[in-house]
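Written below as structure tokens is the structure these notes are about.
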Amino acid sequence: MDNIFEVEKLNSIRNEMTHLWGSVFVTAGGSIALFLNSSSLVNYVLGVAGIIISIIMANAYFIRRNEVVKILKSLEKMQ
């Protein structure tokens, strides 16, 4: 029973990781485009905010990756 729960949790975390990784690229790309498009204070502020948000989402991605590694190690011990 615990094995099924761990596998479902693993699938859920991997799905979340995919969303986070895609969001990092979209947000960082948009921020870089704001920097390169035109030079105004609003674009710079939004660009910096986007880069900060991208870094936060990348951090969340790596936290989830560590969770996946822990779950995989626990599943390996069960077998």
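Treat the numbers as computed from the prediction; the structure is a model and nothing was measured.
Pairs of residues two or more places apart, or lying in two chains, that qualify as ring pair (Phe, Tyr, Trp, His ring centres under 6.0 Å) and include a residue from residues 45-71 are Trp21-Tyr61.
Rounding to the nearest 0.5 Å gives a distance of 10.0 Å between CD1 of Ile63 and CG of Leu20. Distance check: Ile13 CD1 to Glu67 CD gives 4.0 Å after rounding to the nearest 0.5 Å. In this structure, OG on Ser40 lies 8.5 Å from CG on Leu34, to the nearest 0.5 angstrom.
Clustering ILVMFWY residues whenever any of their side-chain heavy atoms sit less than 4.5 angstrom apart, transitively, puts Met17 in a cluster other than the one holding Val26. Clustering ILVMFWY residues whenever any of their side-chain heavy atoms sit less than 4.5 angstrom apart, transitively, puts Ile53 in the very cluster that holds Phe25.
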Identify each donor-acceptor pair in which a side-chain atom of residues 69-77 lies under 3.5 Å from a protein atom, sequence neighbours left out, and give them as a table.
residue : atom : partner : partner atom : Å
Ser74   : OG   : Ile71   : O            : 2.8

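In the hydrophobic clustering, where aliphatic and aromatic side chains (Ile, Leu, Val, Met, Phe, Trp, Tyr) are joined below 4.5 Å either directly or transitively, Ile55 groups with Phe35, Tyr44, Val48, Ile51, Ile52, Ile56.
Taking every heavy atom of both residues into account, Ser31 and Leu46 meet most closely at OG-O, 4.3 Å.
One N or O on the side chain of Ser54 and one on the backbone of Gly50 form a donor-acceptor pair closer than 3.5 Å.
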